[in-house]
2 protein chains.
Amino acid sequence: MRKSKEAAAESRARIVATAARLFRAHGPQAVSVADVMEAAGMTHGGFYKHFASKDALLAEAITAMFEEKRPMFARPTAAEAEVALADYAAEYLSMGHIGNLEAGCPIAGLSLDAQRAGPEVRRSFAGAIEGMVADIAVAKGTGPEARSAALRDMMIMVGAIVLARSVEDRALQERIIETAREARSDIG
Amino acid sequence: MRKSKEAAAESRARIVATAARLFRAHGPQAVSVADVMEAAGMTHGGFYKHFASKDALLAEAITAMFEEKRPMFARPTAAEAEVALADYAAEYLSMGHIGNLEAGCPIAGLSLDAQRAGPEVRRSFAGAIEGMVADIAVAKGTGPEARSAALRDMMIMVGAIVLARSVEDRALQERIIETAREARSDIG
DNA sequence: ACAAGAAGATGATGATCATCATCCAAATTG
DNA sequence: CAATTTGGATGATGATCATCATCTTCTTGT
């Protein structure tokens with residue numbers, strides 16, 4: 001049955017939000033279009049009324065994931081950005097994040113899949129990361145130095161979560177997290 | 001037709017080596033058993049004479065990937081290990097590595113897939129990483145400090161490659177590589 | 001109010017795949 | 001050298017999936 005314009009837009013948003021969770025949790029290849037639609041409370045049939053392809057949904061879901069994170073660290077001034085980033089890093093480098101595939105960092109959880117996907121997906125991923133670098137650089141001051149400092153932070157955080165998730169020993173995971181926190185503050 | 005004992009062992013090894021390349025390059029889900037067998041010069045039929053399942057092959061391929069890398073950094077003494085690790089890091093943090101999915105670092109190229117796979121695969125991945133941490137710690141001296149230093153190196157290297165591959169701008173990739181090199185030497 | 005159109009449901013379709021059953025020929029074994 | 005294995009080939013099988021066609025029911029522009 002037909003839905004009103006707002007109801008349809010709501011459906012569409014629900015599909016994207018659901019996909020953002022499921023794709024991160026299990027990987028896009030392991031989640032079917034029907035899975036997403038069912039988790040969003042619909043049947044598979046309506047999908048192509050909203051999206052041109054599964055890849056198109058993935059591209060949108062990726063954008064949504066990054067936009068969901070952005071308020072946590074993006075601030076207009078260096079002083080505010082520095083505080084926000086510190087909070088974000090504290091939450092990022094935590095055992096909770098390791099277990100939280102579903103709502104965790106898309107770089108740590110989806111980057112390999114994005115790299116292997118079509119150009120549409122790759123571009124949406126790359127664009128989001130480039131925006132994130134710029135946002136984080138605000139916390140690091142001005143000039144090219146700030147950009148490098150932002151990259152340094154990001155690679156430590158992403159590397160730590162990827163590494164920690166790959167390991168099974170909980171004590172080692174904690175050690176990795178702790179080491180990453182120290183590395184971040186050692187470098188400044 | 002039946003093959004001699006050595007010929008069969010050679011076939012098996014070729015399957016593992018081929019899988020190690022293909023799985024890294026395209027992801028295990030995107031590579032079928034038939035793809036691997038064909039690339040190894042056989043038809044799909046013989047596969048289950050060698051392996052219990054696709055996951056069993058993936059687990060073995062993962063072990064093989066790590067063993068292939070081990071000679072590049074593992075050394076018995078701290079002095080030798082330090083030199084070998086420096087060489088390895090120089091090659092690791094390079095543009096060539098970014099483009100070389102097929103023979104690159106399995107942590108940077110396959111960790112998400114391993115995390116999502118069955119327990120057999122996860123265990124083989126986790127075990128290999130734990131061994132690698134121990135090997136790299138040799139270059140960092142003794143005690144728990146060495147282990148942390150090894151982890152710090154690893155997360156920077158893995159994070160840098162994951163991040164660089166996710167981005168499309170070549171100049172930014174180079175900046176990421178360069179930043180990672182500096183971060184490694186800043187920390188020591 | 002009515003005609004046109006769109007959201008979403010139901011139900012194909014064609015492809016791909018992991019795994020299994022069989023068969024064949026060469027290699028072991030005794 | 002005969003009997004028996006066994007590596008590998010050929011060819012199902014059953015499942016899953018992305019995508020499409022069609023139908024129904026409601027919304028919306030007129």
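Here the structure is a predicted model, which is why all the values come from computation and not from measurement. Below, chain A is the first sequence line, B the second, and so on; all start at residue 1.
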State whether Asp113(A) and Arg116(B) are salt-bridged, where the test is any N-O pair (Lys NZ or Arg NE/NH1/NH2 against Asp/Glu carboxylate O) under 4.0 Å.
yes

Are any of the side-chain nitrogens in Arg175(B) or Asp169(B) under 4.0 Å away from the carboxylate oxygens of its partner?
no

What integer distance in Å separates [X]:[atom1] from [N]:[atom2]?
X	N	atom1	atom2	result
Lys49(A)	dC26(D)	NZ	P	16 Å
His50(B)	dA9(D)	NE2	C1'	12 Å
Met37(A)	dG8(C)	CE	P	7 Å
Lys5(A)	dG8(C)	NZ	P	14 Å
Glu38(B)	dA9(D)	CD	P	11 Å
Glu6(A)	dC26(D)	CD	P	17 Å

Counting only side-chain heavy atoms from C-beta out, which of dT10(D), dT28(C), dG7(D) sits nearest to Thr43(B)?
dT10(D)

Checking dA7(C), dA9(C), dA9(D) against the side chain of Met42(A) (C-beta onward), the nearest is dA9(C)

Mind telling me whether Phe73(B) and Tyr88(B) have parallel, tilted or perpendicular rings, with 30° and 60° as the class edges?
tilted

Mind checking whether Tyr92(A) and His97(A) have parallel, tilted or perpendicular rings, split at 30° and 60°?
perpendicular

CA sep, side-chain torsions, deciding dist, call: Thr77(A), Glu80(A), side-chain hydrogen bond (donor to acceptor under 3.5 Å, both in side chains):
CA-CA 5 Å; Thr77(A) 72; Glu80(A) 288 173 289; 2.9 Å; yes

Produce the list of close N/O pairs, under 3.5 Å, pairing protein atoms with atoms of nucleotides 16-20 of chain D; give distances to one decimal.
from	atom 1	to	atom 2	distance (Å)
dA18(D)	OP1	Lys54(A)	NZ	2.7
dA18(D)	OP2	Val33(A)	N	2.9
dT19(D)	OP2	Tyr48(A)	OH	2.3
dT19(D)	OP2	Lys54(A)	N	3.1
dT19(D)	O5'	Tyr48(A)	OH	3.0

Please say yes or no: joined through hydrophobic side-chain contacts below 4.5 Å, possibly via intermediate residues, are Leu22(B) and Leu112(A) part of one cluster?
no

Mind checking what makes salt bridge (charged side-chain N to carboxylate O under 4.0 Å, His left out) contact with Glu168(A), not counting sequence neighbours?
Arg122(B)

What pairs of nitrogen or oxygen atoms, one from the protein and one from nucleotides 3-5 of chain C, lie under 3.5 Å apart?
from	atom 1	to	atom 2	distance (Å)
dG5(C)	N2	Arg2(A)	NH1	2.8
dG5(C)	N3	Arg2(A)	NH1	3.2

What closest approach, in Å, do Gln115(B) and Ser166(A) show between heavy atoms, and which atom pair accounts for it?
NE2-OG, 3.3 Å

What one should report as the nearest heavy-atom pair of Leu110(B) and Phe23(B) is CD1-O, 3.4 Å

Strictly below 4.0 Å: does Ser11(B) bring a side-chain N or O up to OP1 or OP2 of dG8(D)?
yes

